[in-house]
Asker: 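Below are the structure tokens for one structure; questions will follow.
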Amino acid sequence: MARITMREAISQALMEEMDRDPAVFILGEEVGVWGGTYAVTKGFYDKYGPERVKDTPIAENAILGAAIGAAMVGQRPIAELMTINFAFSAMDYVVNQAPKLRYMFGGQFEVPMVIRAVGGGGRQLGATHSQTPDAIFAHFPGLVVISPGTPADAKGLLKSAIRSNDPVLFIEHATMYQVRGEVPEGEYLVPIGKSTVQRPGKDVTIVTYCKGLELSMKAADELAKQGIEAEIVDLRTLRPLDMEPVIESFKKTNRAVVVEEGWKSYGVGSEIVSRIYEEAFDYVDAPIIRVAQKEVPLPYNRTLEQAALPQVPDIVAAVKEVLK
């Protein structure tokens, strides 16, 4: 398998699906001539032309409204939002139209569309461009929410998302486009709604996804040097949420740490902890600890920004606390 970047894996998925299905097209700000804000669609405009790679105005309502309409009449649009923060400008389309139209019309319409959006902090983009609001979107039934942590999962899940007949929000982390990993070439699909164990262990379960996976793997390496073997469960999909691997792991280790980049209050971690307590209470040997972003708007200053974001030492300290 080739060892490629997250950016290359996402580009591969998009190109393979556009080659496979002429109903797939891309629209969004700077996706065409410029090649995408993060260069994911570089070269696509020259290959597929303006009919299938559409540069749009800075108008999220127009982007998503057009995508929903196209999806309802048989196309498979991929709408790119420059940042997930801009989804707030089009919340009605994201959470009130795309996820509910098939239900509201009694199955007469499907909405097979993908919204690609860049989330997360760490690039000094300021408080309004660096948020991780994944839990907000995962709250709404009808909207599939995916956030991969490896290049292989990014490719396989994006291909599955494009083929899905449901609207999918596909969240890519702003600092992970250069992350490298082994990615199968050609036809490669990862099933939506399936968590997976990314690292086996016996002492503690770390539940995480996306950027949290990268941090947790590094923390597990540090813990292994101290004789602590952490098992890491990667959620990959936030809705539908697959808790089976989490519960299986927790029943083995009896201790857990949940790692997310979003804020702790009302977050993804809150849901995971609640599910563990509800489904595996008899196996709890220590209070479950959440590692998350500090409860402040993310600072622009790099030192302050990094201090607000969860870091590897935070995960190591949390694991040691639950093992006391």
Asker: Going through the distances and angles, do Leu223 and Asp203 end up as a side-chain contact (heavy atoms from CB on, under 4.5 Å)?
Answerer: CA-CA 10 Å; Leu223 291 163; Asp203 297 319; over 6 Å; no

Asker: Minimum heavy-atom separation for Leu143 and Phe137, please, with both atom names.
Answerer: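 Where Leu143 meets Phe137 most closely, the heavy atoms are CD2-O, 3.9 Å.
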
Asker: Checking side chain to side chain donor-acceptor pair (under 3.5 Å) for the pair Ser270/Arg290: CA distance, chi angles, key distance, verdict?
Answerer: CA-CA 8 Å; Ser270 300; Arg290 291 174 287 163; 2.9 Å; yes

Asker: Ignoring hydrogens and angles, tell me if any N or O in the side chain of Asn254 forms a donor-acceptor pair with the backbone of Tyr283 under 3.5 Å.
Answerer: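 Judged by distance alone, yes, a pair lies under 3.5 Å.
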
Asker: More than 12 heavy atoms of other residues, nucleotides or ligands under 6.0 Å from NZ of Lys42: yes or no?
Answerer: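 Check fails, neighbour count at 12 or below.
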
Asker: Is the CD1 atom of Ile58 crowded by more than 12 outside heavy atoms at less than 6.0 Å?
Answerer: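 Atom CD1 in Ile58 is not crowded, with 12 or fewer foreign heavy atoms closer than 6.0 Å.
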
Asker: Ignoring hydrogens, what is the shortest heavy-atom contact between Val233 and Ser195? Give both atom names and the distance.
Answerer: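 That closest heavy-atom pairing would be CG1-CB, 4.3 Å.
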
Asker: Determine the minimum heavy-atom distance between Gly142 and Pro167, stating which atoms define it.
Answerer: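 For Gly142 and Pro167, the tightest heavy-atom pair comes out as O-CG, 3.4 Å.
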
Asker: Which heavy atom in Met18 sits nearest to a heavy atom in Arg52, and how many Å separate them?
Answerer: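 Answer, listing the atom of Met18 first, then Arg52: O-NH2, 2.9 Å.
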
Asker: Is there a path from Ile78 to Leu81 through hydrophobic residues (I, L, V, M, F, W, Y) whose side chains come within less than 4.5 Å of each other?
Answerer: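 Ile78 and Leu81: separate clusters.
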
Asker: Relative to each other, are the rings of Phe109 and Phe105 parallel, tilted or perpendicular (30° and 60° limits)?
Answerer: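 Ring orientation of Phe109 relative to Phe105: perpendicular.
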
Asker: Which atoms form the tightest heavy-atom contact between Leu238 and Ala138, and what is the distance?
Answerer: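 That would be CB-CB, 4.0 Å.
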
Asker: Are the side chain of Ser11 and the backbone N or O of Arg7 linked by a donor-acceptor pair below 3.5 Å?
Answerer: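 At least one qualifying donor-acceptor pair exists.
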
Asker: Are any non-hydrogen side-chain atoms of Asn85 and Leu125 less than 4.5 angstrom apart?
Answerer: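 They are not in contact (no side-chain heavy atoms under 4.5 Å apart), so the answer is no.
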
Asker: Got more than 12 heavy atoms from elsewhere within 6.0 Å of OH, Tyr188?
Answerer: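 Result for OH/Tyr188: enclosed.
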
Asker: Got a donor-acceptor contact below 3.5 angstrom from the Ser249 side chain to the Pro245 backbone?
Answerer: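 Checked: no pair found.
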
Asker: What's the verdict on side-chain contact (heavy atoms from CB on, under 4.5 Å) for Arg239 and Phe140, showing C-alpha distance, side-chain angles and the deciding distance?
Answerer: CA-CA 9 Å; Arg239 181 179 281 276; Phe140 291 91; 5.7 Å; no

Asker: List the steps, then state whether side chain to side chain donor-acceptor pair (under 3.5 Å) holds for Gln306 with Gln311.
Answerer: CA-CA 8 Å; Gln306 292 301 312; Gln311 303 292 345; 3.0 Å; yes

Asker: Taking NZ, NE, NH1 and NH2 as the nitrogens, is one of them in Arg275 or Glu278 under 4.0 Å from a carboxylate oxygen of the other?
Answerer: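 Looking at Arg275 and Glu278, the cut-off is not met.
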
Asker: What's the verdict on salt bridge (Lys or Arg N to Asp or Glu O under 4.0 Å) for Lys251 and Glu248, showing C-alpha distance, side-chain angles and the deciding distance?
Answerer: CA-CA 5 Å; Lys251 287 181 176 179; Glu248 288 180 0; over 6 Å; no

Asker: Working note: Glu17 + Arg163, criterion salt bridge (Lys or Arg N to Asp or Glu O under 4.0 Å); need CA distance, chi angles, decisive distance, verdict.
Answerer: CA-CA 8 Å; Glu17 291 305 301; Arg163 299 185 191 188; 2.9 Å; yes

Asker: Answer yes or no: is there an ion pair linking Glu187 with Lys159, defined by an N-O contact shorter than 4.0 Å?
Answerer: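 Answer for the salt bridge query: yes.
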
Asker: Looking only at heavy atoms, which two atoms of Pro148 and Leu157 are closest? And how far apart?
Answerer: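 Smallest heavy-atom distance, with atoms named: CB-CD1, 4.3 Å.
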
Asker: Please output the side-chain donor-acceptor pairs of residues 21-32 that fall under 3.5 Å, not counting sequence neighbours, one pair per line with the distance.
Answerer:
| residue | atom | partner | partner atom | Å |
| --- | --- | --- | --- | --- |
| Asp21 | OD1 | Ala23 | N | 2.9 |

Asker: Kindly indicate, with the supporting measurements, whether the criterion side chain to side chain donor-acceptor pair (under 3.5 Å) is fulfilled by Thr253 and Glu231.
Answerer: CA-CA 8 Å; Thr253 66; Glu231 182 152 289; over 6 Å; no

Asker: Pairs in or reaching into residues 250-277: which pass ring-ring contact (aromatic ring centres under 6.0 Å, His included), with residues at least two apart or in two chains?
Answerer: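 Residue pairs passing ring-ring contact (aromatic ring centres under 6.0 Å, His included), neighbours aside: none found.
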
Asker: Verify, without hydrogens or angle tests, whether Gln97 (side chain) and Ile68 (backbone) share a donor-acceptor contact under 3.5 angstrom.
Answerer: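 No, Gln97 side chain to Ile68 backbone: no donor-acceptor pair under 3.5 Å.
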
Asker: Between His173 and Glu261, does the side chain to side chain donor-acceptor pair (under 3.5 Å) criterion hold? Intermediate values first, please.
Answerer: CA-CA 10 Å; His173 199 281; Glu261 186 175 300; 2.8 Å; yes

Asker: Using 4.0 Å as the upper bound for N to carboxylate O, is an ion pair formed by Lys47 and Asp19?
Answerer: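 Salt bridge: yes.
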
Asker: Just by distance, do the side chain of Thr237 and the backbone of Gly193 share a donor-acceptor pair under 3.5 Å?
Answerer: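 Pair found, side chain donor or acceptor close to backbone of Gly193.
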
Asker: Is a side-chain N or O of Glu60 found less than 3.5 angstrom from the main chain of Ala90, in a donor-acceptor match?
Answerer: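 Answer holds: no.
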
Asker: Strictly distance-based, threshold 3.5 Å: is any side-chain N or O of Asp55 a donor or acceptor partner for the main-chain N or O of Val33?
Answerer: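 Side chain of Asp55 to backbone of Val33: a pair is present.
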
Asker: Give a yes or no on whether a salt bridge exists between Glu229 and Lys202, defined as a side-chain N under 4.0 angstrom from a carboxylate O.
Answerer: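 Answer for the salt bridge query: no.
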
